[in-house]
Amino acid sequence: ARRRLSEGATDPLHLHARAGLPEDMRLLLADYPKERWGEPTLAEMARFWLGVHDNFRRHHAHMVAVANHWRGGHADLRGLHGRLIPTVQDFLQHLDMHHRIESGQYFPIFRKVDPRIAHGVDLLDRDHDVVHDDLDRLFQSAVGFHQALQGGGPDAGDKARILADVIDTMGPRVLRH
């Protein structure tokens, strides 16, 4: 079960509080700076997994674009619903499964392969808890919009704005992880 971590966490390493990683968690960065992450020197699985992360960034950018298209008056609520709800559902399903694989399979292996990075892997695992709080908000706001629109509720526009705002506000945290 995921832990709930408050936005006002006092832990300086909390995803909401930190701007980067401390030096003791950057052991491999000198040998593998971000500019080299796509090089063929990294194992095929590492390149694949980095591509998966890039896909989540593109997926989020698509959700932002769909919401902004609606905000700009280029789609009505039904059009927004038809494009955004399936996209949100897909994003949530893929990211949840991705985190389950990382936390359940990869992270335990990484901790064993090089114990020096265990502290950093633990931090990534804790980040998943924070990210899942954002994913819960995304899910709840998407359900709220869906139910209001399908039920003909007068608050469907408000629910759509809430969903669009959640997509915007979750972006920096989810994408920084």
Any side-chain heavy atom of [X] within less than 4.5 Å of one from [Y]?
X      : Y      : answer
Phe145 : Ile162 : no
Leu138 : Phe91  : yes
Leu163 : Ile85  : yes
His119 : Leu13  : yes
Ile167 : Leu84  : yes
His16  : Val130 : yes
Val131 : Leu135 : yes

Could you work out, with salt bridge (Lys or Arg N to Asp or Glu O under 4.0 Å) as the rule, every residue matching Arg161, not counting sequence neighbours? Asp158
Sequence-distant partners of Arg116, salt bridge (Lys or Arg N to Asp or Glu O under 4.0 Å), two or more places apart: Asp114
Strictly under 6.0 Å, is that where the ring centroids of Phe107 and His128 end up? yes
[X] and [Y]: which non-hydrogen atoms are nearest, and at how many Å?
X      : Y      : answer
Trp70  : Ala75  : CD1-O, 3.1 Å
Ala148 : Ala156 : CB-CA, 3.7 Å
Gly157 : Leu77  : N-CD1, 3.7 Å
Ala164 : Ala67  : CB-CB, 3.8 Å

Listed once per pair and sorted, the side-chain hydrogen bond (donor to acceptor under 3.5 Å, both in side chains) pairs that draw on residues 141-156, sequence neighbours left out: His81-His146
Does any pair with a residue in residues 71-80 pass side-chain hydrogen bond (donor to acceptor under 3.5 Å, both in side chains), and if so which ones, sequence neighbours excluded?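 Applying side-chain hydrogen bond (donor to acceptor under 3.5 Å, both in side chains) to every pair that reaches into residues 71-80, excluding sequence neighbours, yields Asn68-Arg71, Arg71-Asp165, Arg71-Asp168.
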Sequence neighbours excluded, which residues qualify as side chain to side chain contact (heavy atoms under 4.5 Å, CB included) partners of Phe139? Leu92, Val143
Under a 4.0 Å threshold between the charged nitrogen and the carboxylate oxygen, would Asp96 count as salt-bridged to Arg100?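 Salt bridge present between Arg100 and Asp96.
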Interatomic distance, [X] atom [atom1] to [Y] atom [atom2] [nearest 0.5 angstrom]:
X      : Y      : atom1 : atom2 : result
Leu80  : Leu149 : CG    : CG    : 8.5 Å
Asp129 : Ser103 : CG    : OG    : 7.5 Å
Leu123 : Ile117 : CG    : CD1   : 12.5 Å

Counting distance only, does the side-chain N/O of His59 pair as donor-acceptor with the main-chain N or O of Thr87 below 3.5 Å?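 Between the backbone of Thr87 and the side chain of His59 there is a qualifying donor-acceptor contact (under 3.5 Å).
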Which residues pass the ring-ring contact (aromatic ring centres under 6.0 Å, His included) test with His94, not counting sequence neighbours?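 Residues passing ring-ring contact (aromatic ring centres under 6.0 Å, His included) with His94: none at all.
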What's the verdict on side-chain contact (heavy atoms from CB on, under 4.5 Å) for Arg137 and Gln140, showing C-alpha distance, side-chain angles and the deciding distance? CA-CA 5 Å; Arg137 281 189 283 283; Gln140 293 302 325; 5.8 Å; no
Could you walk me through whether His60 and Met170 pass the side-chain contact (heavy atoms from CB on, under 4.5 Å) test, one step at a time? CA-CA 9 Å; His60 180 265; Met170 70 178 264; 4.2 Å; yes
Do Asp125 and Glu102 pass the side-chain contact (heavy atoms from CB on, under 4.5 Å) test, and can you show the C-alpha distance, the side-chain angles, and the key distance before you say yes or no? CA-CA 8 Å; Asp125 212 11; Glu102 281 184 333; over 6 Å; no
Go through the steps for Asp54 and Arg57 under the test salt bridge (charged side-chain N to carboxylate O under 4.0 Å, His left out), then give the verdict. CA-CA 5 Å; Asp54 285 341; Arg57 290 180 186 91; 3.1 Å; yes
